[in-house]
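Dumping the structure here so I can ask a few things about it.
Reckoned from all heavy atoms, side chains included, excluding hydrogens, waters and symmetry mates. Lettering of chains follows the sequences in order, A, B, ..., and the numbering in each one begins at 1. Predicted model only: the values in this text are computed from it and were never measured.
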Number of protein chains: 2
Amino acid sequence: MNIADQIYSAADSANQDRAQAIRDNLRDAIVDRRLAPGTKLSEGEVGTLFDVSRTVARAALQMLSFEGLVRTERNRGAFVANPSPEEARQVFASRRLIEPGIATAACERVTAADIAAFRAQLDEEGRFIVERGPTARRSEIKASGDFHLLLTSVAGNAILQRFMEELVARSSLVIALYGRSGVSACGHSEHTDIVGALESRDSGLASRLMLHHIDHIEADLDLRVRAGPALREALNF
Amino acid sequence: MNIADQIYSAADSANQDRAQAIRDNLRDAIVDRRLAPGTKLSEGEVGTLFDVSRTVARAALQMLSFEGLVRTERNRGAFVANPSPEEARQVFASRRLIEPGIATAACERVTAADIAAFRAQLDEEGRFIVERGPTARRSEIKASGDFHLLLTSVAGNAILQRFMEELVARSSLVIALYGRSGVSACGHSEHTDIVGALESRDSGLASRLMLHHIDHIEADLDLRVRAGPALREALNF
DNA sequence: TGCACAACAATCGTATGCAATCTTTTTTGG
DNA sequence: CCAAAAAAGATTGCATACGATTGTTGTGCA
């Protein structure tokens with residue numbers, strides 16, 4: 001469980017706030033499933049791994065707790081979130097509510113430079129789809145999320161940006177937990193279609209495509225409360 | 001500037017997390033404009049007022065910083081947020097994006113008990129409108145925000161609830177800063193109309209009414225960048 | 001053998017101390 | 001008298017220390 005692989009890649013970029021750097025590192029690790037849901041993140045351990053005191057480790061965990069990526073229990077510690085099916089539904093309900101509007105807003109502000117950035121992002125996604133193996137799958141989930149964040153950044157609203165960052169991160173957790181098949185096999189083509197709608201500035205189409213896209217992602221989840229997981233959860237942990 | 005008036009009203013309800021209690025207290029104070037935008041909130045001072053150490057005061061301020069209610073500057077301290085016109089626009093753009101959908105969702109889940117709660121809330125609002133004076137105006141803004149939070153709670157999505165709590169709090173700040181007239185003079189009747197739409201479960205109407213309502217609130221703001229504030233900001237601070 | 005209880009270990013919650021940084025005031029040179 | 005440098009003061013950033021709480025292990029008794 002070596003979390004602190006790329007400490008310094010983040011540390012030198014953030015000479016301002018170390019807690020934030022640790023937060024970003026942990027978030028990436030959680031979203032990439034290098035840290036499994038339910039994993040305990042004790043303040044002391046995190047502090048040791050990142051070579052800081054418990055104070056700053058605690059601050060980082062508190063941030064992640066706000067984002068819903070870790071759950072903290074009083075006097076017990078912090079654990080990587082293990083979203084319930086109900087939570088998963090709420091995450092996607094929120095995205096259905098917000099993202100079509102973001103697509104609409106993005107349509108009105110998109111520039112040629114943005115389109116170029118989208119093309120690059122789509123290429124990146126495509127690379128991971130042809131590859132196989134768990135590593136590629138993780139990168140695929142991450143790249144898919146990055147697409148949505150890129151779209152949000154085009155909309156140019158810092159508040160929505162933060163909301164979407166949280167939703168995308170939590171979605172990645174949910175997909176990793178409940179995902180059935182290769183999500184983005186169809187997702188990639190849908191992303192391409194959305195970029196097409198953006199390019200022609202057809203906000204109605206972009207909005208509709210986005211809604212369907214989210215529906216497809218959620219449809220790929222298996223959110224039934226199975227006897228298996230409940231039992232496994234009760235015994236295995 | 002006596003913040004700690006009602007410490008214990010919050011403290012005994014929250015023997016679990018003192019930082020959260022302080023956060024709630026400060027948030028109320030900010031939203032009610034008992035703490036003016038720009039006011040410095042030093043860790044030491046907050047800690048002394050609430051009779052806790054700087055550690056927990058710091059945690060409370062960090063939470064408020066996440067919510068966008070205070071702005072923190074490194075090695076300088078925390079200040080009550082002073083949202084710029086651009087920020088104000090983003091707050092309301094976000095609400096326009098989210099709240100119509102919340103109204104729709106609420107329509108599908110509203111119960112008779114909810115309707116009764118709405119009636120009580122509307123009465124509460126009405127009480128403050130007939131009163132005059134700054135205290136009543138504050139209570140009016142707060143009650144108006146509470147209506148939107150009540151509606152969100154009916155929608156039954158914890159994530160959206162948190163988003164809306166942030167947006168409503170920031171809106172209150174914005175209204176207090178840039179509001180022109182009595183916002184809720186018309187706002188109250190619009191709230192009443194929305195409850196009516198809920199009661200008849202007309203989700204399309206509820207959604208439209210909500211959108212217009214937000215537009216009206218924003219239309220009452222004066223978001224022009226006046227020479228005054230910019231100059232005052234540059235010199236006075 | 002099985003259960004209750006007590007001691008132990010691990011971890012968190014919080015207070016406090018020190019160094020770094022920023023702001024303000026004082027001093028000094030022109 | 002003014003400007004610039006230097007020192008003082010205030011406040012944050014961070015680490016560490018100590019008491020409190022929780023979960024676990026071991027022991028005695030039925």
Just wondering, do T39(A) and I30(A) contact through their side chains at under 4.5 Å, heavy atoms?
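Contact flag for I30(A)/T39(A) side chains = no.
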
For E108(B), all residues meeting salt bridge (charged side-chain N to carboxylate O under 4.0 Å, His left out), sequence neighbours excluded:
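In terms of salt bridge (charged side-chain N to carboxylate O under 4.0 Å, His left out), with neighbours along the sequence ignored, E108(B) is linked to no residue.
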
From the list dA15(D), dT11(C), dG13(D), which nucleotide is the closest neighbour of the side chain of S53(A)?
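In terms of side-chain proximity for S53(A), the closest of dA15(D), dT11(C), dG13(D) is dA15(D).
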
Holding to side-chain contact (heavy atoms from CB on, under 4.5 Å), I want the full list of residues that pass it with A105(B), two or more places apart in sequence or in another chain.
A155(B)

Under a 4.0 Å N-O cut-off, is there an ion pair linking K142(B) with D146(B)?
yes

Look at R18(A) and dG13(D) and indicate whether a side-chain polar atom (N or O) is within less than 4.0 Å of OP1 or OP2.
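False: R18(A) side-chain N/O out of range (4.0 Å or more) of dG13(D) OP1/OP2.
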
Mind checking side chain to side chain donor-acceptor pair (under 3.5 Å) for T152(A) and listing every partner two or more places apart, or none if nothing turns up?
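By the side chain to side chain donor-acceptor pair (under 3.5 Å) rule, T152(A) matches no residue at all.
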
Please identify each residue that fulfils salt bridge (charged side-chain N to carboxylate O under 4.0 Å, His left out) with E218(A), with sequence neighbours left out.
R96(A)

Salt bridge or not for E165(B) and R162(B), using N-O below 4.0 Å?
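Between R162(B) and E165(B) there is no salt bridge, as every charged N stays at least 4.0 Å from the carboxylate O atoms.
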
For DNA chain C, what residues of residues 54-61 of chain B have any heavy atom nearer than 4.0 Å?
R54(B), T55(B), V56(B)

Could you run down the sub-3.5 Å N/O contacts of the protein with nucleotides 19-22 of chain C?
from, atom 1, to, atom 2, distance (Å)
dT21(C), O3', N75(B), ND2, 3.3

Ion pair present between R170(A) and E87(A), side-chain N to carboxylate O less than 4.0 angstrom?
yes

